[in-house]
> 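Submitted below is the structure of interest, expressed as structure tokens.
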Amino acid sequence: MSNPAVPPRSLAEALRARDDDSLAALLRARPDLITPVPTDLTQLATRAGTRASVVRALERLDLFALRTAEALAVAADPAPYAELERLLTGDAGDAAVSAALPRSLGTLREQALVWGDDDRLRLVRTARELLAPSPQHPSPTGLGPTVQEATAGMSPGRVQEIVTAAGLGSTHDAVSAVASLTALFTDRKRMAALLADLPEESRAVLSRLVWGPPYGQVTSEPAAHLRRLLDLGLLVPTAPGTVVLPREVALHLRGGRAHREVEPLPPAVEAAATHRPQVVDATAAGQAYTALATVEELLKDWDEGGPAVLRAGGLSVRDLKRTAVALDVSEPVAAFWVELAYAAGLLASDGEADERYAATPAHDEWLEQPPARRWARLAEAWLTATRTSGLVGGRDAKDRTLSALGPGLDRGAAPEVRHRVLTLLAGLPEGASPSAESVLARLRWERPQRREEDLRSRLAEWTLKEAELLGVTGRGALSGHGRALLGATAPKTPGTVPQGPGDKLPVHHRPAPAVAEPLSPAEQATASAAAARLLAPLLPEPLDHVLLQADLTAVAPGPLRRPLAEVLDVLADVESKGGATVYRFTPGSVRRALDAGQSASDLHAFLAAHSRTPVPQPLTYLIDDVARRHGHLRVGAASSYVRCDDDALLNEILADKRAAGLRLRRLAPTVLAAQADPASLLEGLRAMGFAPAAESAEGDVLITRAHAHRTPPRSAPEPVPDGPPVPDATLLAAAIRAVRAGDLASTTPRKQGDRPPLSTGELPRTGAAETLATMQAAVLTGEALWIGYVNAEGAASQRVIAPVRVEGGFVTAYDHTADEVRTYPLHRITGVAELAGD
């Protein structure tokens, strides 16, 4: 490790001076640096400076940290801390900015975007190139180039003319002239006097350019007030017809500030309304029950095989509309429920030749779980899913419509945004619902550099709506079970929270008392179980009875137990939903129950057992009447046929004009043949008002039960991460150990002898005889050696070893880089070198 008293000369040396905790923090913040694991700290520093990695790191900075990096990009390189602070606070100073600067600078240092001591702060070169002003990439600060950069292409004579016009003494060369002009523009008193002598029109031109963009247009014959600015170098021509305001001049006019606004503190998430926590929990629980009922209804509707899968994948617009009508919701909400069932692994395509969507075997297991556990599974799937239903109906990059369950709906940022929005809600007092505008403003402050800023805002808006639909929130406020799902704790009473000695920060500015990062799978499972326990007492208890009424309806005053609900779904049609569900008995629904194998006596007994009111006489008559006619006609397969002991009834069918499409003809007094298949014949006769029954080849009545079509076992779709996943503690420890080991091998001093010195990363090269002799000598002396080694996969590495035994073509040694005893084949060692010291 480097001597902390010696200032680092490079980012690699700065990383070398860090402890393991600091390196772990870097790799957690920038997980792309660990994929794959660097061989040493020099390679880690090189990777941390690559454009792709730096861009990703800048995108994850909050607004003030980004403003700090932008200020460093326009400061001197290196810059002292005092200069950076002046660029952010201005000449007048700003106590809030000064107090927040150490935190933002610490963030930049932790993420290896800034290195060096406070007297020599350096922004990594790639970040400076991305953030520094240039004609191709204007800086967010609105500043232009320095005087030195702006006059780089100017003739020495013209530079001397500017110096003379500004009242400065002429110099012998352009370099000193530019330095003299820079000194003038950075001297507050002399600069104020120079600007005071300008006409008002000239000062107005400067004021228009001061906050950017710093470039302006002039004619070939500029007006007098513009000519005066050009003569003094306050405007510098960069191209024919184009002038720029030098950075030093703009900073003076701004009062030393690099930004108009820096916003050192995040905007507050404001409460739009406050409700009693009990009301919030009850409302959320009611919506959670509705969510379960909606998903159950969706999957029951697709139980015998749902809509067909489009050739390009996904659900057609027509099928989505039908689903929305069946669920009595809008199409965007229907897309949300379909995608949620898919994310939870309850719905998938069956993979058949005529591919259709259907419930998975996991759906049957899910139905057997208690309601609270079923809800927790849906909520957990929603929280971690990258598929985004809000995109349905939009267009992809190739201008193709995005369909529900189709490709192109994954957005890696979705889980992070959902988690962050709920975390912000968890930071409010219990029962407080935020305004959407304040939530969006907070998210924009936290990720101002995101290329998909509009997507993040839309994801946040969708999160607030979906959380309410799912019952995670109630009346806009985070519920108790929603807080448990997040793994958060309830916030303290509103007020102030000490942040340090004598420091108090308003509650809305302090970090939310919830977890800052998404939970691991094991932690999320624990949190989901806790959420289910909190939700369970709030859900209505399933009932085992209904209220039968004389108008052939049954009212279920709450959720029904599963056996009762399943039988009633066959025996009656749902007429309306809400707090109570109304079922209506019709001849068709009763016939459906008889087709499923029930007898009239079974239906009478079932209704009597589950009704809190006497069974109405009209309902009894309806069941008996349908049962008396049920099966009087028999339909079988010839192509198909109809037989009946009552030939008068067959005559009636033949005489009916509605039977023309069935193409019936009489084979015998009691048998009619049809050219339609049995299913079509059954449907046609029932449409005519008859109650036929299907029969088998043996003449027995066929009992038709609802056929539950299931897909083969399917797993839920894997989320698509937004970049490399954050490494866990075990991986971090192993990676840091490997990087330290590689760095030890690459930086340990070696004896060079007569050989030329090796470049960084180059493996030592010695012959087999010399390698063997050096190894044997080291066994006797106990000295450590530096070796190059190529493993069986062809990966080369450097190692520091202390040989213990050499025999049979192998060397057994204590490997200092791995901190353990290992055995290496001699033929895989590229060479060996002695170390210069201990």
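Residue numbers count from 1 along this sequence.
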> For the side chain of Q111 and the backbone of R30, is there at least one donor-acceptor N/O pair under 3.5 Å apart?
no

> Any heavy-atom pair between the side chains of V236 and L245 that's under 4.5 Å?
no

> Using a strict cut-off of less than 4.0 Å between a Lys/Arg side-chain nitrogen and an Asp/Glu carboxylate oxygen, indicate whether R447 and E416 qualify as a salt bridge.
yes

> Is any side-chain heavy atom of V243 less than 4.5 Å from a side-chain heavy atom of L230?
yes

> Output the distance between atom CG (L229) and atom CG (L235), rounded to the nearest 0.5 Å.
4.5 Å

> Going by atom types alone, do S176 and D173 pair a side-chain donor with an acceptor below 3.5 Å?
yes

> Would you confirm whether S22, through its side chain, and R18, through its main-chain N or O, come within 3.5 Å as a donor-acceptor pair?
no

> Is R260 reaching over with its side chain to a backbone N or O of R257, donor-acceptor style, under 3.5 angstrom?
no

> Could you note down all residue pairs passing salt bridge (Lys or Arg N to Asp or Glu O under 4.0 Å) where residues 234-254 supplies at least one of them, sequence neighbours left out?
E149-R247

> Roughly how far, to the nearest 0.5 Å, is the CG atom of L105 from the CG atom of L121?
5.5 Å

> Tell me whether S202 contacts the main-chain N or O of H225 through its side chain, where contact means a donor paired with an acceptor under 3.5 Å.
yes

> So, for P145 and Y215, which heavy atoms are closest and what is the spacing to 0.1 Å?
CD-OH, 3.9 Å

> State, to 0.1 Å, how close V739 and V37 come at their nearest heavy-atom pair, and which atoms those are.
CG2-CG1, 4.0 Å

> Decide salt bridge (Lys or Arg N to Asp or Glu O under 4.0 Å) for R458 and E461; before the verdict, give the C-alpha distance in whole Å, the side-chain angles of both, and the deciding distance to 0.1 Å.
CA-CA 5 Å; R458 288 190 292 158; E461 293 172 352; over 6 Å; no

> Is the shortest side-chain heavy-atom distance between L108 and L61 below 4.5 Å?
yes

> For atom CZ of R395, is the number of surrounding heavy atoms from other residues, nucleotides or ligands below 6.0 Å larger than 12?
yes

> May I ask you to decide if G49's main-chain N or O and T126's side chain share a donor-acceptor pair within less than 3.5 Å?
yes

> Does the side chain of R158 pick up a donor-acceptor pair with the side chain of T151 at under 3.5 Å?
no

> Could you measure the distance from the CG atom of L425 to the OG1 atom of T463? Nearest 0.5 Å is fine.
10.0 Å

> Write down the atom of R188, the atom of L251, and the distance for their closest heavy-atom approach.
NH2-O, 4.2 Å

> When you look at L194 and L234, which way does the side-chain contact (heavy atoms from CB on, under 4.5 Å) test go after all the steps?
CA-CA 10 Å; L194 180 65; L234 298 175; 4.3 Å; yes

> Output the distance between atom CG (L87) and atom OG1 (T68), rounded to the nearest 0.5 Å.
10.5 Å

> Check whether any side-chain heavy atom of W211 sits under 4.5 Å from a side-chain heavy atom of L253, and report yes or no.
no

> To the closest 0.5 Å, what do you measure between CG (L33) and OG (S53)?
4.5 Å

> Check step by step if side-chain contact (heavy atoms from CB on, under 4.5 Å) holds for H419 and T423.
CA-CA 6 Å; H419 188 276; T423 300; 3.4 Å; yes

> Does the side chain of V55 reach to within under 4.5 Å of the side chain of E59, using non-hydrogen atoms?
yes

> Can you name the closest pair of heavy atoms from P724 and T35 and give their distance?
CB-OG1, 4.1 Å

> Go through it in stages, so that I can follow the logic: the residues are E70 and S139, the test is side chain to side chain donor-acceptor pair (under 3.5 Å), and I'd like the CA-CA distance, side-chain angles, deciding distance and then a yes or no.
CA-CA 8 Å; E70 291 166 354; S139 169; 6.0 Å; no

> I need the minimum non-hydrogen distance between S433 and A477, along with the two atoms involved.
CB-N, 3.6 Å

> Verify the neighbour count for atom CD of E110: are there more than 12 heavy atoms of other residues, nucleotides or ligands below 6.0 Å?
yes

> Would you call R67 and P264 a side-chain contact if the rule is heavy atoms closer than 4.5 Å?
no

> Please tell me whether S438 and S435 have a donor and an acceptor in their side chains that are separated by less than 3.5 angstrom.
yes

> What's the verdict on side-chain contact (heavy atoms from CB on, under 4.5 Å) for I162 and V159, showing C-alpha distance, side-chain angles and the deciding distance?
CA-CA 5 Å; I162 294 175; V159 174; 5.7 Å; no

> Any donor-acceptor pair under 3.5 Å linking the side chain of R128 with the backbone of L123?
no

> Have S98 and E85 got a donor and an acceptor in their side chains that come within less than 3.5 Å?
yes

> When you compare the side chain of D118 with that of P80, does any pair of heavy atoms fall below 4.5 Å?
no

> Without swapping roles, check the side chain of R228 against the backbone of P199 for a donor-acceptor pair under 3.5 Å.
no

> What is the minimum heavy-atom distance between L131 and A73, and which atoms define it?
CB-CB, 3.7 Å

> Check for a donor-acceptor pair, side chain of T186 on one end and backbone N or O of T182 on the other, with a separation under 3.5 Å.
yes

> For the side chain of W462 and the backbone of A414, is there at least one donor-acceptor N/O pair under 3.5 Å apart?
no

> Kindly determine whether R122 and V114 satisfy side-chain contact (heavy atoms from CB on, under 4.5 Å), including the steps that lead there.
CA-CA 5 Å; R122 291 184 181 272; V114 170; over 6 Å; no

> Would you call R420-E446 a salt bridge at under 4.0 Å N-O?
yes

> Is there a side-chain contact between V720 and R411 in this structure, where contact means two heavy atoms from C-beta onward sitting under 4.5 Å apart?
no

> With T473 as reference, evaluate K465, E466, E468 under the side chain to side chain donor-acceptor pair (under 3.5 Å) test and give the passing residue.
E468

> Quickly, which of R103, R442, R444 forms a salt bridge (Lys or Arg N to Asp or Glu O under 4.0 Å) with D62? Name it, please.
R103

> Tell me if a side-chain donor or acceptor on D187 pairs with a main-chain N or O of K189 at a distance below 3.5 Å.
yes

> Quick one: pull up CZ in R86 and OH in Y81 and give me the separation to the nearest 0.5 Å.
12.5 Å

